[in-house]
Amino acid sequence: EVQLVESGGGLVQPGGSLRLSCAASGFTFSGCSMNWVRQAPGRGLEWLSVISPDSNYIYYGDSVKGRFTISRDNAKNSLYLQMNSLRAEDTAVYYCVRDGSGWSRDLWGQGTLVTVSP
Amino acid sequence: QSALTQPPSASGSPGQSVTISCTGTNSDVGSYNYVSWYQQYPGKAPKLMIYEVTKRPSGVPDRFSGSKSGNTASLTVSGLQAEDEADYHCSSYAGNNNLLFGGGTKLTVL
């Protein structure tokens with residue numbers, strides 16, 4: 001089955017760190033660019049970051065640049081997001097997402113909830 | 001860059017057509033044919049419905065169609081069905097390897 005499964009979310013204090021993981025299966029992970037997208041409670045989607053298949057190209061949205069780091073391990077079919085200096089406004093469901101055609105995002109995980117609170 | 005602008009809500013009766021707008025600028029929607037639309041049920045992950053303005057992924061009913069005029073993209077759902085009640089999000093490439101989303105529109109089938 002083609003799927004993405006996120007893990008690593010939870011409750012963290014402001015200023016803290018968290019590492020999210022995403023396990024991919026059912027497709028050739030090493031051939032796909034991968035993303036993280038988040039959705040704050042009751043809000044719209046926000047694109048965070050993309051990484052190319054060989055990790056040579058990495059881009060971030062302005063809201064997380066310098067605080068979050070995307071990485072991948074093709075041997076383990078896994079995607080990661082290291083989140084540092086977390087703020088209350090980072091509270092959201094974080095989705096692992098596969099690149100599709102024309103800057104679309106064609107496969108989404110079920111999401112993992114990150115809550116930043118004292 | 002600001003998020004794309006969508007109406008918070010839209011509605012229609014079964015069998016009718018409804019159109020949801022997504023307004024950007026000439027730096028994103030107006031400059032690139034890279035607009036996508038996603039359907040999201042409560043508590044579930046988004047699902048790609050339209051990409052590159054007008055294209056439908058395999059398995060998406062042809063009741064869903066996309067278009068664009070200037071800085072505004074639109075998603076039209078024809079022959080509304082109860083199962084179409086969901087949130088719909090648009091996205092657009094915004095240059096410089098940046099992707100913008102809209103705030104989402106809640107579609108209600110009356």
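Here the structure is a predicted model, which is why all the values come from computation and not from measurement. Chain A is the first sequence line, chain B the second, and so forth, proteins listed ahead of strands; every chain is numbered from 1.
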If you tally heavy-atom pairs under 4.5 Å against chain B, which of A:Arg105, A:Arg43, A:Glu46 wins? A:Arg105
Pick from B:Gly43, B:Ser92, B:Pro46 with the largest number of heavy-atom pairs that fall under 4.5 Å of chain A: B:Pro46
If we define contacts as heavy-atom pairs under 4.5 Å, which of B:Tyr51, B:Trp37, B:Tyr93 has the most with chain A? B:Tyr93
By a 4.5 Å heavy-atom criterion (distance strictly below it), what part of A:Val97 contacts chain B: side chain, backbone, both, or neither? neither
Do you know which of A:Ser101, A:Gly111, A:Gly61 has the most heavy-atom pairs with chain B at a distance under 4.5 angstrom? A:Ser101
Residue B:Lys55 versus chain A: region with a heavy atom under 4.5 Å: neither
B:Ser21 versus B:Ser74, side-chain donor and acceptor atoms under 3.5 Å: no
Should B:Arg56 and B:Asp62 count as an ion pair when the cut-off is N to O under 4.0 Å? no
With a 4.0 Å cut-off, would you call A:Arg87 and A:Asp90 a salt bridge? no
Member of A:Ser52, A:Ser55, A:Ser78 meeting the side-chain contact (heavy atoms from CB on, under 4.5 Å) criterion with A:Arg72: A:Ser55
Donor-acceptor check, side chain of B:Gln6 to backbone of B:Tyr88, threshold 3.5 angstrom: yes or no? yes
Does the side chain to side chain donor-acceptor pair (under 3.5 Å) test come out yes or no for B:Asn98 and B:Asn96, once each step is laid out? CA-CA 5 Å; B:Asn98 189 30; B:Asn96 295 317; over 6 Å; no
Does any backbone or side-chain atom of B:Tyr32 lie under 4.5 Å from a heavy atom of chain A? Answer side chain, backbone, both or neither. neither
